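To start, the structure itself, in structure tokens.
Predicted, not measured: the structure shown is a model, and the values here were computed from it.
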Amino acid sequence: MSDVIRVLIVDDHAVVREGLRALIETQPDMTLVGEATNGVEAVQQTRGLEPDVVLMDLVMPRKDGIEATEEIQQAQPDVKVLVLTSFAEDDKVFPAIKAGAMGYLLKDASPLELLAGIRDVYRGEPSMHPTVARKLMREIKKPSELPPTPEPLTEREAEVLALVARGLSNQEIADRLFISEKTVRTHVSNILGKLHLANRTQAALYALREGIANLDDSG
């Protein structure tokens, strides 16, 4: 990680982009690398500019923020997406988290809350509006609808899953466990296959639900 957080703003409203730009430019540990007005531009600019954190609106023309988040996470899983939206309904929250968003804040957040959210997701820590966090906790506590896996996770896979749930990237997990990044990728692929999960965020929710990791885990 570098000392300066590279931020990409994605929002179709110019006045919102202007406000976010002004806020980010006041921070010595952040730099604005670009702006996008829709999901298509978001995916293109993330590929070209390689930001650390993408501030993602959800309701936009051409491609919405959920689709854009999913594409970004599939192509560049180390890029952290922080949703910044006016909507806290279930049909926005859960698809965004499942698409791979690391954080979910509402546009009524204070500047300090938003800046803290950017720093949190940059470090791999989830940043959730309290309303959204409560929704997720309710979802986590629901009984799993997934079929039980006939092949249990190995001890190493459970270890990797716990670190995935804490938001660590493959490289960070590799460094922590003294194994190669390629080996971590293999473990993650095996975990998703065994548990019938689509992506890392679903794996993190599974780990929380099953007690493999908890929200108080640190460092």
Side-chain angles (χ1 to χ4, degrees), residues 1-8 29-30 43 46-47 49-56 68-83 94 96-104 116-128 132-133 136-137 139-140 144 146 148-219:
M1 284 188 178
S2 66
D3 294 332
V4 178
I5 306 171
R6 296 166 55 81
V7 181
L8 173 68
D29 64 336
M30 297 182 191
V43 174
T46 300
R47 190 181 301 123
L49 299 171
E50 298 187 345
D52 298 308
V53 176
V54 177
L55 283 180
M56 182 74 75
T69 296
E70 190 165 21
E71 284 191 36
I72 288 168
Q73 288 299 291
Q74 286 174 352
Q76 295 163 272
D78 287 340
V79 174
K80 308 297 196 299
V81 175
L82 173 57
V83 168
F94 297 131
I97 298 300
K98 286 178 180 176
M102 176 68 70
Y104 196 113
I118 292 172
R119 293 184 180 104
D120 284 346
V121 299
Y122 175 66
R123 292 193 300 265
E125 300 170 7
S127 179
M128 302 287 169
V132 173
L136 283 177
M137 288 310 298
E139 184 73 6
I140 287 166
S144 174
L146 294 167
T149 173
E151 194 181 352
L153 298 182
T154 65
E155 189 176 338
R156 177 62 97 187
E157 286 166 351
E159 220 175 347
V160 169
L161 177 55
L163 295 174
V164 167
R166 282 161 51 184
L168 274 65
S169 69
N170 287 350
Q171 188 58 60
E172 288 167 336
I173 294 171
D175 294 343
R176 184 74 59 94
L177 300 179
F178 304 104
I179 56 180
S180 73
E181 193 262 349
K182 183 179 178 184
T183 300
V184 175
R185 278 205 312 268
T186 301
H187 283 316
V188 172
S189 177
N190 290 342
I191 290 165
L192 297 181
K194 285 183 178 182
L195 300 178
H196 313 285
L197 301 171
N199 55 41
R200 296 170 78 90
T201 308
Q202 288 186 9
L205 290 174
Y206 174 91
L208 292 167
R209 180 184 283 133
E210 299 299 320
I212 295 170
N214 66 69
L215 292 174
D216 298 323
D217 282 347
S218 62

Minimum heavy-atom separation for [X] to [Y], with atom names?
| X | Y | result |
| --- | --- | --- |
| V83 | A96 | CG2-CB, 4.2 Å |
| N170 | D78 | N-OD1, 4.4 Å |
| P152 | E157 | O-OE1, 4.4 Å |
| A207 | A165 | CB-CB, 3.8 Å |

Any side-chain heavy-atom pair of [X] and [Y] under 4.5 Å:
| X | Y | answer |
| --- | --- | --- |
| R123 | K80 | no |
| T154 | N190 | no |
| I72 | M56 | yes |

Heavy-atom donor-acceptor pair, R156 side chain to H187 backbone, under 3.5 Å: no
Roughly how far, to the nearest 0.5 Å, is the [atom2] atom of [Y] from the [atom1] atom of [X]?
| X | Y | atom1 | atom2 | value |
| --- | --- | --- | --- | --- |
| Q76 | E50 | CD | CD | 6.5 Å |
| E172 | R166 | CD | CZ | 10.5 Å |
| L161 | L195 | CG | CG | 6.5 Å |
| I173 | L163 | CD1 | CG | 5.5 Å |
| L82 | M102 | CG | CE | 10.5 Å |
| Y122 | D29 | OH | CG | 9.0 Å |

Option passing side chain to side chain contact (heavy atoms under 4.5 Å, CB included) with V54 (candidates V7, L49, V79): V79
Electrostatic pair E181:R185 at N-O distance under 4.0 angstrom: yes
